[in-house]
Amino acid sequence: MQFNSYWQDTAPAFTGGTAGPVSGHYDVAVIGAGFTGLGAARKLAQQGRRVVVLEARTVGFGASGRNGGHLNNGIAHSFLHAKGLFGAERAKAMYRAFDQGIETIERLIAEEGIACDFRRAGKLKLASKPAHYDSIARNFDAIHREVDPDTAMLSKADLAGEVGSDAFHGAMLQRKSAMMHMGRFVVGLAEAAARHGAVIHENAPVTARRPNGKGWDLTTPQGTIRADKVFLATGAYTTGAFGYFRRRIVPVGSFLLATRPLSPAEVAATMPGNRTCVTSLNIGNYFRLSPDNRLIFGGRARFSARSDQQSDAKSGAILQAALAGIFPQLAKVEVDYCWGGLVDMTKDRFPRAGQADGVYYSMGYSGHGAQIATHMGEIMADLMTGRIDCNPWADIPWNAVPGHFGQPWFLPLVGTYYKLLDRVQ
Ligand SMILES: Cc1cc2nc3c(=O)[nH]c(=O)nc-3n(C[C@H](O)[C@H](O)[C@H](O)COP(=O)(O)OP(=O)(O)OC[C@H]3O[C@@H](n4cnc5c(N)ncnc54)[C@H](O)[C@@H]3O)c2cc1C
């Protein structure tokens with residue numbers, strides 16, 4: 001078994017980076033080469049702006065190269081809950097922003113010729129308990145009527161042709177949802193940004209920043225650049241020089257396994273519907289098939305703020321037991337990959353984007369970020385160049401998490417709380 005992301009291991013190497021010292025004067029410096037940063041950099045470069053991307057490690061090193069591979073449409077929250085918080089119109093706009101995100105990805109794939117196995121697969125939200133089916137059905141009624149008619153409720157019997165498991169009591173199907181190879185997409189997006197003229201420096205962590213009158217001087221171990229505007233796209237991996245954001249983002253580990261490729265008979269017995277699947281527990285699981293028919297199976301597993309080989313291995317063992325619980329027929333299947341990544345949680349699990357602490361930013365996608373991150377990159381590029389403001393998260397207040405200064409010491413308590421909820425609800 002490799003302790004390595006399947007997406008990163010099976011993606012082509014990024015070839016468009018700029019070697020040598022980090023120097024020069026740019027209209028915009030983007031910090032972080034994940035979907036958010038690269039989505040912005042590509043668009044800014046396409047518009048003829050001088051743009052540099054500074055990435056601490058390598059393209060797609062963060063959550064963008066380590067996730068579950070789902071492009072699930074709509075908001076991850078209950079739509080009814082969002083309506084209660086923000087009102088019907090705002091909740092619908094938020095839901096639709098995620099749908100537009102998938103369209104953005106589809107357009108970028110076509111425009112830039114990115115081969116990444118994109119497919120409108122549809123998503124199943126699987127009810128892990130009978131009572132969950134009822135609450136999913138209530139949410140479905142509102143979604144179907146008000147914002148997304150391309151949805152359906154499936155009974156337990158309907159699931160027979162979808163998921164080869166007895167563990168579920170029905171599901172909501174959201175047909176607009178998609179899947180893709182995340183590693184191939186993030187590298188393809190970086191190559192596209194570089195082709196349009198973005199300068200991309202890997203292994204260039206921004207360690208300090210200093211105002212220079214008009215913008216910022218950003219320091220990396222490879223040199224210093226001058227930028228009129230800075231776009232912070234560092235998500236859960238945000239480090240020291242940006243304390244304002246570290247107090248608002250809680251990094252939470254999420255973990256995945258990829259089995260060996262399944263045979264056609266095993267696919268037919270486990271995932272005949274070949275959709276993205278998410279279970280309804282608070283500490284639940286998400287899974288899909290890879291392009292080469294591996295079961296990619298993830299979950300929060302443990303409430304940890306770490307993802308390294310030791311932490312990933314512990315979580316991998318928990319995930320393997322969960323996989324066997326859902327698919328007993330795969331209890332002994334070989335696991336080829338085990339990895340983890342950090343999710344950029346906000347307290348209410350809604351993203352935040354705008355301008356604060358002297359920089360532009362977009363982050364806090366809370367585990368539902370692949371398409372919205374890419375889409376927000378484009379939206380923020382337009383906002384930074386004064387073209388148009390389509391920021392769906394504008395004006396949502398964002399207070400620091402009380403007692404949080406970067407290391408989320410409270411995660412085990414939160415984990416215990418959600419485990420209890422899963423027992424009683
Ligand atoms: C395990 C896991 C599973 C997930 N599954 C899904 C899923 O199936 N579907 C979905 O929609 N979303 C999923 N997500 C969420 C999704 O992957 C993220 O929301 C999205 O990738 C965020 O992209 P980003 O560009 O904002 O951040 P990232 O991809 O995390 O990129 C941030 C980058 O900033 C760099 N950086 C940090 N600090 C500095 C610095 N000081 N200087 C320079 N560079 C710096 C980091 O090295 C990193 O490369 C998952 C996340 C995880 C961790």
Side-chain angles (χ1 to χ4, degrees), residues 5-8 22 29-41 52-74 76 98 101-102 105 123 177-180 182-183 185-186 189-190 200-209 218-222 230-242 245-246 249 251-257 276-278 285-288 296-301 307 312 315 319 339-346 351 353 361-377 380:
S5 156
Y6 164 78
W7 308 120
Q8 291 169 344
V22 170
V30 174
I31 309 182
F35 297 141
T36 306
L38 294 168
V52 63
V53 180
L54 301 172
E55 164 54 49
R57 305 288 290 265
T58 49
V59 161
F61 170 83
S64 301
R66 297 166 177 274
N67 54 54
H70 300 207
L71 299 169
N72 293 329
N73 78 289
F98 283 88
I102 302 182
I105 290 208
K123 169 204 168 185
S177 295
M179 56 169 77
M180 67 178 175
M182 295 287 177
F185 180 74
V186 76
L189 190 59
I200 302 180
H201 288 291
E202 296 182 300
N203 302 309
V206 174
T207 52
R209 59 179 173 146
L218 300 179
T219 304
T220 79
Q222 295 191 49
V230 172
F231 179 43
L232 192 67
T234 48
Y237 293 79
T238 306
T239 47
F242 302 97
F245 299 93
R246 293 188 75 206
I249 291 287
V252 183
S254 192
F255 304 90
L256 287 116
L257 301 174
T276 62
C277 296
V278 179
N285 295 106
Y286 48 93
F287 44 93
R288 56 161 283 189
I296 301 201
F297 188 90
R300 193 123 307 138
S307 169
D312 295 358
S315 302
L319 284 180
W339 73 96
L342 299 177
V343 168
D344 51 346
M345 287 285 178
T346 57
Y361 67 92
S362 180
M363 57 181 71
Y365 313 115
S366 303
H368 183 33
Q371 78 264 27
I372 199 75
T374 314
H375 189 57
M376 285 307 300
M380 294 307 292

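Remember, it's 1-based here, ligands and their atoms both numbered in the order they're listed.
Summary of contacts: the protein heavy atom closest to atom 39 (C) of ligand 1 is T234 CG2, 3.6 Å. Protein heavy atom closest to atom 20 (C) of ligand 1, with residue, atom name and distance, is S64 OG, 4.0 Å. Nearest non-hydrogen protein atom to atom 38 (N) of ligand 1 is Y237 O, 3.3 Å. Of the protein's non-hydrogen atoms, G369 CA, 3.1 Å is the one closest to atom 19 (O) of ligand 1. Here the heavy atom of the protein found nearest to atom 28 (P) of ligand 1 is A63 N, 3.7 Å. At the shortest separation from atom 13 (C) of ligand 1 among protein heavy atoms lies G367 O, 3.2 Å. The protein non-hydrogen atom at the shortest distance from atom 26 (O) of ligand 1 is T36 OG1, 2.7 Å. Summary of contacts: the protein heavy atom closest to atom 33 (C) of ligand 1 is E55 OE1, 3.6 Å.
Interface of R66 with ligand 1, defined as ligand atoms under 4.0 Å from a residue heavy atom, comprises 1 (C), 2 (C). Annotation for ligand 1: atoms under 4.0 Å from non-hydrogen atoms of H368 are 11 (O), 12 (N). The contact set between ligand 1 and H70, taken as ligand atoms under 4.0 Å from a residue heavy atom, comprises 7 (C), 8 (O), 9 (N), 10 (C), 11 (O). Near I31, meaning under 4.0 Å from one of its heavy atoms, ligand 1 places the atoms 40 (C), 42 (N), 43 (C), 44 (N). Every atom of ligand 1 is numbered from 1 in the order shown, and the set under 4.0 Å from a heavy atom of L342 is 53 (C). The G68 neighbourhood of ligand 1 comprises atoms 3 (C), 4 (C), 5 (N), 6 (C), 7 (C), 8 (O), with distances under 4.0 Å to a heavy atom of that residue. Atom numbering of ligand 1 starts at 1 in the shown order; those under 4.0 Å from a heavy atom of F35 are 21 (O), 25 (O). Residue-ligand proximity, G69 to ligand 1, at heavy-atom distances under 4.0 Å covers atoms 8 (O).
In this structure, T234 and F242 have side chains that are not in contact, with every pair of non-hydrogen atoms separated by 4.5 Å or more. Counting only heavy atoms from C-beta outward, the side chains of T276 and Y286 never approach each other to under 4.5 Å. At a threshold of 4.5 Å between non-hydrogen side-chain atoms, the residues N285 and L319 count as touching. Counting heavy atoms from C-beta outward, T346 and I249 have side chains that approach closer than 4.5 Å. For the pair M363 and L232, the minimum side-chain heavy-atom distance is below 4.5 Å. Counting heavy atoms from C-beta on, the side chains of M180 and I105 come closer than 4.5 Å. The side-chain heavy atoms of F98 and N73, taken from C-beta on, include no pair separated by under 4.5 Å. With a 4.5 Å cut-off on side-chain heavy atoms, I31 and V230 count as touching.
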Show your reasoning for whether side-chain contact (heavy atoms from CB on, under 4.5 Å) applies to I200 and E55.
CA-CA 8 Å; I200 302 180; E55 164 54 49; 5.6 Å; no
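In this structure, Y365 and M376 approach most closely via the heavy-atom pair OH-CB, 3.9 Å. Among all heavy-atom pairs drawn from S362 and T36, the shortest one is O-CG2, 3.7 Å. The two residues T207 and P221 come nearest to each other via the heavy atoms CG2-CD, 4.4 Å. Considering all non-hydrogen atoms of both residues, S64 and V186 come closest at CB-CG2, 4.1 Å.
Checked against a 3.5 angstrom limit, the closest N/O atoms of T239 and ligand 1 fall inside it. By the 3.5 Å distance cut-off applied to N or O atoms, N67 is counted among the residues near ligand 1. The shortest N or O to N or O distance between G37 and ligand 1 is not below 3.5 Å. Between A56 and ligand 1, an N or O atom pair is found at a separation short of 3.5 Å. Residue F242 has no N or O atom closer than 3.5 Å to an N or O atom of ligand 1.
With a heavy-atom cut-off of 4.0 Å, L256 touches ligand 1 through its side chain alone. By the criterion of a heavy-atom distance under 4.0 Å, the backbone of A233, and not its side chain, is placed next to ligand 1.
Distances from ligand 1 to the non-hydrogen atoms of A236 include no value under 4.0 Å. Heavy atoms of Y286 approach ligand 1 to within less than 4.0 angstrom.
Between F35 and F185, the angle of the ring planes lies from 30° to 60°, which puts this pair in the tilted group.
Both the sub-6.0 Å distance and the 45° axial angle are satisfied by R66 relative to the ring of F61.
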